[in-house]
Amino acid sequence: QVQLVESGGGLVQPGGSLRLSCTASGSMFRVDAMGWYRQAPGNQRELVASVTTDGTTSYADSVKGRFTMSRDSAKNTAYLQMNTLKPEDTAVYYCNAEIRDAKHDYVRLTYWGQGTQVTVAS
């Protein structure tokens with residue numbers, strides 16, 4: 001069974017930094033694209049950043065220049081380095097990955113992590 005496990009959330013002051021990690025584990029052929037989403041209370045879940053298998057990244061306008069997403073394919077792990085955090089970055093952050101099935105690599109499924117809370121407050 002494939003699982004995504006996030007870590008690295010917490011409470012930080014405005015202007016501070018946090019680094020989130022997301023690791024895929026279980027039986028799989030390959031992890032394709034990965035992404036970070038966030039959801040604040042009363043808001044819809046939104047895409048924050050994504051990375052393709054070749055390392056190409058894209059970002060929401062609200063985080064460009066402040067957040068950096070990267071991946072270590074050998075470890076099936078993605079990272080989100082968040083700098084210059086603002087109170088409006090407060091949300092539950094979710095990891096998302098498209099993973100090819102171990103037995104049938106033409107089958108690609110979407111998985112979600114359980115979420116990690118990021119709170120930016122003084």
Side-chain angles (χ1 to χ4, degrees):
Q1 184 177 359
V2 174
Q3 286 187 317
L4 295 182
V5 178
E6 302 123 331
S7 62
L11 172 64
V12 64
Q13 292 186 341
S17 298
L18 282 175
R19 188 192 194 207
L20 306 183
S21 298
C22 170
T23 298
S25 63
S27 180
M28 68 190 82
F29 176 74
R30 188 181 70 199
V31 179
D32 284 351
M34 302 184 77
W36 285 99
Y37 288 71
R38 67 185 180 187
Q39 186 168 19
N43 290 356
Q44 291 187 333
R45 190 173 297 189
E46 62 174 353
L47 177 63
V48 176
S50 63
V51 63
T52 63
T53 51
D54 66 1
T56 301
T57 54
S58 62
Y59 301 93
D61 288 342
S62 59
V63 306
K64 281 181 181 177
R66 300 188 298 122
F67 290 11
T68 301
M69 184 171 184
S70 60
R71 69 186 294 169
D72 183 338
S73 295
K75 297 181 179 179
N76 291 328
T77 298
Y79 306 95
L80 185 67
Q81 178 66 43
M82 305 185 293
N83 298 328
T84 320
L85 282 160
K86 304 175 181 180
E88 51 263 44
D89 294 318
T90 297
V92 178
Y93 283 70
Y94 297 91
C95 178
N96 165 281
E98 296 181 349
I99 297 176
R100 293 191 181 269
D101 184 79
K103 294 183 178 179
H104 307 286
D105 62 7
Y106 53 87
V107 175
R108 187 168 63 187
L109 301 176
T110 299
Y111 292 87
W112 290 90
Q114 79 285 357
T116 185
Q117 177 70 47
V118 171
T119 302
V120 185
S122 54

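There is no side-chain donor-acceptor pair under 3.5 Å between Thr53 and Asp32. Residues Thr23 and Thr77 have side chains that bring a donor and an acceptor to within less than 3.5 angstrom of each other.
Of the possible polar contacts, none joining the Thr52 side chain to the Ala33 backbone as a donor-acceptor pair under 3.5 Å is found. At least one donor-acceptor pair under 3.5 Å links the side chain of Arg66 to the backbone N or O of Thr84. Remark: side-chain polar atoms of Glu6 are paired, donor with acceptor, to backbone N or O of Gln114 under 3.5 angstrom.
Under the 4.5 Å side-chain criterion, counting only non-hydrogen atoms from C-beta, Met82 is not in contact with Trp36. A heavy-atom distance below 4.5 Å is not found between the side chains of Ser21 and Lys75. A heavy-atom distance below 4.5 Å is found between the side chains of Met28 and Val31. Asp101 places none of its side-chain heavy atoms less than 4.5 Å from the side chain of Tyr106. Side chains of Gln117 and Leu11 form no contact here, defined as non-hydrogen atoms less than 4.5 Å apart.
Across all non-hydrogen atoms, the minimal contact from Ser122 to Pro14 is N-CD, 3.8 Å. Across all their heavy atoms, Leu47 and Ala60 have their closest contact at O-CB, 3.5 Å. Residues Ser27 and Val2 share a closest heavy-atom pair of O-CG2, 3.3 Å.
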Carefully, step by step, assess Asp61 and Lys64 under the rule salt bridge (charged side-chain N to carboxylate O under 4.0 Å, His left out). CA-CA 5 Å; Asp61 288 342; Lys64 281 181 181 177; 3.2 Å; yes
Under the criterion side chain to side chain contact (heavy atoms under 4.5 Å, CB included), I'd like the reasoning laid out for Ile99 against Leu109: C-alpha separation, chi angles, the key distance, then a yes or no. CA-CA 5 Å; Ile99 297 176; Leu109 301 176; 5.8 Å; no
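Tracing side-chain contacts under 4.5 Å through hydrophobic residues (I, L, V, M, F, W, Y), one reaches Leu18 starting from Tyr59; they form part of the same cluster. By the criterion of side-chain heavy atoms lying less than 4.5 angstrom apart, applied directly or through intervening Ile, Leu, Val, Met, Phe, Trp or Tyr residues, Met69 is not grouped with Tyr37; the two fall into different hydrophobic clusters. In this structure, Leu85 is not a member of the same hydrophobic cluster as Tyr79, with clusters built from ILVMFWY side-chain heavy atoms closer than 4.5 Å. Using a 4.5 Å cut-off between side-chain heavy atoms of Ile, Leu, Val, Met, Phe, Trp and Tyr, with links allowed through other members, Val92 and Leu20 fall into different hydrophobic clusters. Follow the hydrophobic side-chain contacts under 4.5 Å out from Met34 and you reach Val63 in the same cluster.
Arg38 contributes atom CZ, which lies 13.0 Å from atom CZ of Arg45 (distance to the nearest 0.5 angstrom). From Trp112, atom CH2 reaches atom SG of Cys22 across 10.5 Å, with rounding to the nearest 0.5 Å.
By the neighbour-count criterion of 12 heavy atoms within 6.0 Å, atom CD of Glu88 is densely surrounded, having more than that number from other residues, nucleotides or ligands.
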